Undergrad: 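Before we start, here is the structure in question, set down as structure tokens.
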Amino acid sequence: MERAAGCPAVGGSYPQKNAEILSSQYGINLFLAGLLLTFAWAVHAVGISKSHLLSYLITLMLIQLLWMLWYLCRSCTQRRLIRDKDTHAGARWLKCGITLFAVITLILDSFKIGYYIDFSNCLSPTEGIFPVTHAVHTILQVYFLWCHAKDVIQSFKTLERFGVIHSVFTNLLLWTNGVLAESKHQLNEHKERLITLGFGNITIVLDDHAPQCNCTTTTLCSIFSQGIYYLYPFNIEYHILASTMLYVLWKNIGRKVEHHQQNKTPFKFHGITVGMIFGLMVLTSTIAIVVVYLIQIGGSKIKSELALTMFYLHAIFVLALMCTAGIVALLIYRLEDRSLDNSKNPARKLDAELLVGTAAGSWLLSWGSILAIICAQGHPKYTWYNLPYSVLVIIEKYIQNLFIIESIHREQEKVNDDIKTLRIVTISRGSTLSLTPLYKEIYNGRAARDSGDIPCLFKGSICARESDGAGVAKEEMSQDHSLVMHSASDFSFSSRNSATNNKRRILKNIAAFLFLCNLSLWIPPAFGCRPEYDNGLEEIVFGFEPWIIVVNLAMPFSIFYRMHSAASLFEVNCKT
């Protein structure tokens with residue numbers, strides 16, 4: 001009977017597994033088609049224009065908008081139903097972060113609309129429709145993620161799988177489109193800088209997709225065209241964050257959630273002053289370095305070499321500090337005896353996989369630089385700083401990934417109930433005289449009258465039986481001895497608690513420091529400070545085109561790694 005009853009449940013899992021496989025294959029094919037179309041436009045393929053790419057992206061966004069509206073309407077009609085929630089998904093700080101990036105993305109869309117209006121005579125209508133559609137898509141998607149990122153969908157599961165995976169790969173394609181547009185702009189600037197560094201043997205051919213007509217208002221066109229590329233980094237981060245949150249939603253479809261109370265972990269500035277001060281110092285110095293770098297690079301050969309040397313020395317110092325902080329944190333973990341939480345958690349698993357996967361991008365660039373330095377015949381002085389910089393990038397990410405992944409898997413410390421009771425009774429015995437009679441009345445008077453015994457509250461407590469007049473004196477001596485034992489136990493607990501608090505304070509400061517350092521290291525590559533482009537040595541060893549392809553493929557992952565690490569470290573700080 002039990003086997004027969006269990007068969008439908010087992011058989012019922014197969015359609016859902018098939019739906020998961022089919023939806024994932026649908027999303028991959030959707031992404032590959034868009035990726036090929038993006039590549040064809042980038043290399044100026046015959047018969048492929050930007051309007052074809054934008055039309056494809058507009059169609060995908062409209063389909064996602066229809067699905068989100070359907071889901072929101074269905075949710076409104078079923079508001080009274082109790083739904084399962086994944087408490088680990090869609091953290092409030094993550095929603096706030098994606099909202100900030102979305103607001104800047106809307107500013108980017110407004111710049112694109114203004115750019116289209118100024119060049120409307122020679123631009124395709126799709127270039128005006130795309131930013132409008134994208135703005136509506138952004139607003140509705142952020143609202144959807146705020147309201148439903150924690151949902152565990154249990155109805156219409158097959159349809160919802162296709163809708164969510166469509167949204168995931170739509171955001172990935174929009175991310176790819178933003179990365180390509182920003183990379184082409186950076187590549188054109190890089191080609192112009194190489195001339196000032198003396199690499200005249202490299203063929204310089206600018207990849208230009210500029211409109212073939214004059215702007216109606218030159219000043220506004222200049223503001224829009226330059227502003228767009230400074231806002232692209234935020235747009236790129238917005239779409240990759242949205243795709244990860246939607247992927248967690250997709251993985252949670254049909255999942256059985258364990259109903260337990262999730263402890264809230266709010267962020268507090270108390271106790272992290274040292275980490276914040278050092279982190280803000282790194283952030284401030286990094287912004288100053290980036291400003292000077294962008295001003296000096298390309299001005300002349302001497303200025304460009306000084307800018308590269310300045311960047312490498314600053315990065316080496318920051319990476320060395322981060323390595324030291326990470327090692328200290330791992331040593332503290334080795335001194336603690338705390339178990340790991342191995343329960344099923346799609347959000348946590350995705351965080352760990354993204355950390356290791358995106359770190360491979362910067363590892364690839366670092367190993368390329370190391371090989372170039374070893375194999376190159378001539379070495380300008382500034383290129384030698386690239387060697388310790390590349391080695392430290394590899395080591396720092398290795399240590400930081402280990403620290404973050406172990407932190408998010410560690411169980412939160414729980415206070416033993418026996419210790420809590422011990423502290424309460426000890427305080428009662430050592431407090432004012434008004435509490436002492438109450439304690440005696442409860443434990444010595446009433447309990448003795450009811451059962452004739454003094455209750456044993458702790459291990460090792462001395463319980464006296466009230467049998468005759470001499471028993472009262474024995475009872476008082478027993479209580480005094482018990483008080484000494486309680487006080488010693490409380491002192492021992494306070495010592496352990498003090499040591500634990502000190503370790504926790506150090507870990508919180510380290511997490512805060514690494515959080516600000518990762519934000520600092522996100523800024524240079526996101527805003528055009530990329531020595532991998534400007535160094536020039538790698539282009540000579542590997543060839544210009546091959547190395548540029550490697551950089552363009554690896555750099556987006558390296559940039560995303562820093563932002564994702566910052567988000568993970570923020571969570572670590574809250575949980576510690």
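Since the structure is predicted, the reported quantities are computational estimates derived from the model, not experimental observations. Residue numbers start at 1 and run along the sequence shown.
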Undergrad: So which atom in Thr59 and which in Ser55 form the shortest heavy-atom distance, rounded to 0.1 Å?
TA: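 Looks like OG1-O, 2.8 Å.
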Undergrad: Does Ser24 use its side chain to pair, donor to acceptor, with the backbone of Ile21 at less than 3.5 Å?
TA: yes
Undergrad: At what distance, to the nearest 0.5 angstrom, does CG of Leu54 lie from CD1 of Ile129?
TA: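 The CG atom of Leu54 sits 9.5 Å away from the CD1 atom of Ile129.
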Undergrad: When you measure from the side chain of Arg530 to the backbone N and O of Pro524, does any donor-acceptor pair fall under 3.5 Å?
TA: no
Undergrad: Is it the case that Ser407 and Tyr333 place a side-chain donor and acceptor less than 3.5 Å from each other?
TA: yes
Undergrad: Does one side chain, of Asp151 or Tyr71, offer a donor that lies under 3.5 Å from an acceptor on the other?
TA: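 Asp151 vs Tyr71: donor-acceptor pair found between side chains.
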Undergrad: In Å, rounded to the nearest 0.5 Å, how long is the span from CG of Leu174 to CD1 of Ile236?
TA: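 Answer for the CG-CD1 pair, Leu174 versus Ile236, is 11.5 Å.
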Undergrad: Kindly state whether the ring of Phe119 and the ring of Phe224 have centres lying under 6.0 angstrom apart.
TA: no
Undergrad: Between Glu353 and Lys251, does any NZ, NE, NH1 or NH2 come within less than 4.0 Å of an OD or OE carboxylate oxygen?
TA: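 No, this pair does not count.
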Undergrad: Keeping Asn177 on the side-chain end and Leu173 on the backbone end, is there a donor-acceptor pair under 3.5 Å?
TA: no
Undergrad: For the CG atom of Leu521 and the CD atom of Glu396, what is their distance to the nearest 0.5 Å?
TA: 7.0 Å
Undergrad: Answer yes or no: is there a side-chain heavy-atom contact under 4.5 Å between Trp175 and Pro556?
TA: yes
Undergrad: Counting neighbours of OH on Tyr230 that are heavy atoms of other residues, nucleotides or ligands and sit closer than 6.0 Å, is the number greater than 12?
TA: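 It does not: Tyr230 OH has 12 such atoms or fewer within range.
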Undergrad: Counting N and O atoms only, with roles assigned by atom type, does the side chain of His564 sit under 3.5 Å from a partner on the main chain of Asp351, one being a donor and the other an acceptor?
TA: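 Such a contact is found between His564 side chain and Asp351 backbone.
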Undergrad: Could you check whether any side-chain heavy atom of Tyr247 comes within less than 4.5 Å of a side-chain heavy atom of Asn252, counting everything from C-beta outward?
TA: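 Side-chain contact under 4.5 Å: no.
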Undergrad: Which residue, Leu514, Ile408, Val328, forms the side-chain contact (heavy atoms from CB on, under 4.5 Å) with Phe403?
TA: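 The passing option is Leu514.
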Undergrad: Does this structure show an ion pair linking Glu237 with Arg562, if we count only N-O contacts that are shorter than 4.0 Å?
TA: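 Arg562 and Glu237: not salt-bridged.
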Undergrad: Can you confirm whether Glu160 sits close enough to Arg74 that some side-chain heavy atom of one is under 4.5 Å from a side-chain heavy atom of the other?
TA: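 Glu160 vs Arg74: side chains touch.
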Undergrad: Strictly under 6.0 Å, is that where the ring centroids of Trp250 and Phe162 end up?
TA: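 No - the distance between ring centres of Trp250 and Phe162 does not fall below the 6.0 Å cut-off.
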Undergrad: Any side-chain heavy-atom pair from Val103 and Val142 closer than 4.5 angstrom?
TA: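 With C-beta onward as the side chain, the pair stays apart.
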Undergrad: Any idea which heavy atoms bring Gly275 and Asn509 closest together, and the distance?
TA: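 Here Gly275 and Asn509 meet closest at N-OD1, 2.8 Å.
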Undergrad: Are a donor atom and an acceptor atom from the side chains of Tyr561 and Asn401 found within less than 3.5 Å of each other?
TA: yes
Undergrad: Which label fits Trp522 and Phe527: parallel for a plane angle under 30°, tilted from 30 to 60°, or perpendicular past 60°?
TA: perpendicular
Undergrad: Between the side chain of His137 and the main-chain N/O of Leu65, is any donor-acceptor distance below 3.5 Å?
TA: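 Judged by distance alone, no pair lies under 3.5 Å.
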Undergrad: Rounded to the nearest 0.5 Å, how far apart are CZ of Phe39 and CG of Leu32?
TA: 13.5 Å
Undergrad: For Ala554, does its backbone N or O pair with a side-chain atom of Ser558 as donor and acceptor, under 3.5 Å?
TA: no
Undergrad: With a 4.5 Å cut-off on side-chain heavy atoms, are Phe513 and Val282 touching?
TA: yes
Undergrad: Counting only N and O atoms by type, is there a donor-acceptor contact under 3.5 Å from the side chain of Asn573 to the main-chain atoms of Leu569?
TA: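 Pair absent, no side-chain N/O of Asn573 close to backbone of Leu569.
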Undergrad: Looking at OH of Tyr238 and CG of Leu106, how far apart are the two atoms once the value is rounded to the nearest 0.5 Å?
TA: 8.0 Å
Undergrad: Between Ser362 and Lys397, is a side chain to side chain donor-acceptor pair (under 3.5 Å) present by the stated rule, with each step listed?
TA: CA-CA 9 Å; Ser362 57; Lys397 283 186 171 61; 3.2 Å; yes
Undergrad: Counting only heavy atoms not in Tyr116, do more than 12 sit closer than 6.0 Å to its OH atom?
TA: yes
Undergrad: May I have the step-by-step check of ring-ring contact (aromatic ring centres under 6.0 Å, His included) for Phe144 and Trp67, ending in yes or no?
TA: CA-CA 11 Å; Phe144 175 84; Trp67 171 76; 5.3 Å; yes
Undergrad: Over all heavy atoms of both residues, which pair between Thr358 and Leu355 is shortest? Give the atoms and the distance, please.
TA: OG1-O, 3.6 Å
Undergrad: Identify the heavy atoms of Leu350 and Thr244 that sit nearest to each other, and give their distance.
TA: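 What the structure gives for the nearest pair is CD2-O, 3.6 Å.
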Undergrad: Begin with the C-alpha distance, continue with both residues' side-chain angles, and end with the deciding distance and a verdict on side chain to side chain contact (heavy atoms under 4.5 Å, CB included) for Met61 and Gln141.
TA: CA-CA 10 Å; Met61 285 191 289; Gln141 182 169 257; over 6 Å; no
Undergrad: So Leu249 and Val152, do their side chains get closer than 4.5 Å, heavy atoms only?
TA: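 SC-SC contact between Val152 and Leu249 ruled out.
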Undergrad: What verdict does the side chain to side chain contact (heavy atoms under 4.5 Å, CB included) test give for Ile28 and Phe31, after you've listed the backbone C-alpha separation in whole Å, the side-chain angles of each residue and the deciding distance to 0.1 Å?
TA: CA-CA 5 Å; Ile28 292 171; Phe31 179 72; 5.7 Å; no
Undergrad: Evaluate Phe557 against Leu364 for side chain to side chain contact (heavy atoms under 4.5 Å, CB included), listing each step before the verdict.
TA: CA-CA 11 Å; Phe557 296 99; Leu364 178 63; over 6 Å; no
Undergrad: Rounded to the nearest 0.5 Å, what separates atom CZ in Phe278 from atom OG1 in Thr273?
TA: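 Going from the CZ atom of Phe278 to the OG1 atom of Thr273 covers 12.0 Å.
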Undergrad: Count the heavy atoms belonging to other residues, nucleotides or ligands that lie under 6.0 Å from OH of Tyr398, then report whether that count exceeds 12.
TA: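 Result for OH/Tyr398: open.
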Undergrad: Give me the atom names and distance for the closest heavy-atom approach of Glu532 to Leu365.
TA: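 For Glu532 and Leu365, the tightest heavy-atom pair comes out as CG-CD1, 4.2 Å.
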Undergrad: Quick one, Thr105 and Asp109 - any side-chain contact, counting heavy atoms below 4.5 Å?
TA: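 They are in contact (side-chain heavy atoms under 4.5 Å apart), so the answer is yes.
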Undergrad: Using a 6.0 Å cut-off, check whether atom CH2 of Trp367 has over 12 heavy atoms from anything other than its own residue.
TA: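 Atom CH2 in Trp367 is not crowded, with 12 or fewer foreign heavy atoms closer than 6.0 Å.
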Undergrad: Determine whether Ser51 and Glu127 make a side-chain contact, defined as any pair of heavy atoms from C-beta on separated by less than 4.5 Å.
TA: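 They are not in contact (no side-chain heavy atoms under 4.5 Å apart), so the answer is no.
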Undergrad: Would you say the side-chain atoms of Asn518 pair up with the backbone N or O of Ala566, donor to acceptor, closer than 3.5 Å?
TA: no
Undergrad: Taking all heavy atoms of Ser23 and all of Ile165, pick out the closest pair and write down the distance.
TA: O-CG2, 3.2 Å
Undergrad: Tell me, with the steps shown, if Phe101 and Leu241 meet side chain to side chain contact (heavy atoms under 4.5 Å, CB included).
TA: CA-CA 9 Å; Phe101 290 135; Leu241 281 177; 3.7 Å; yes
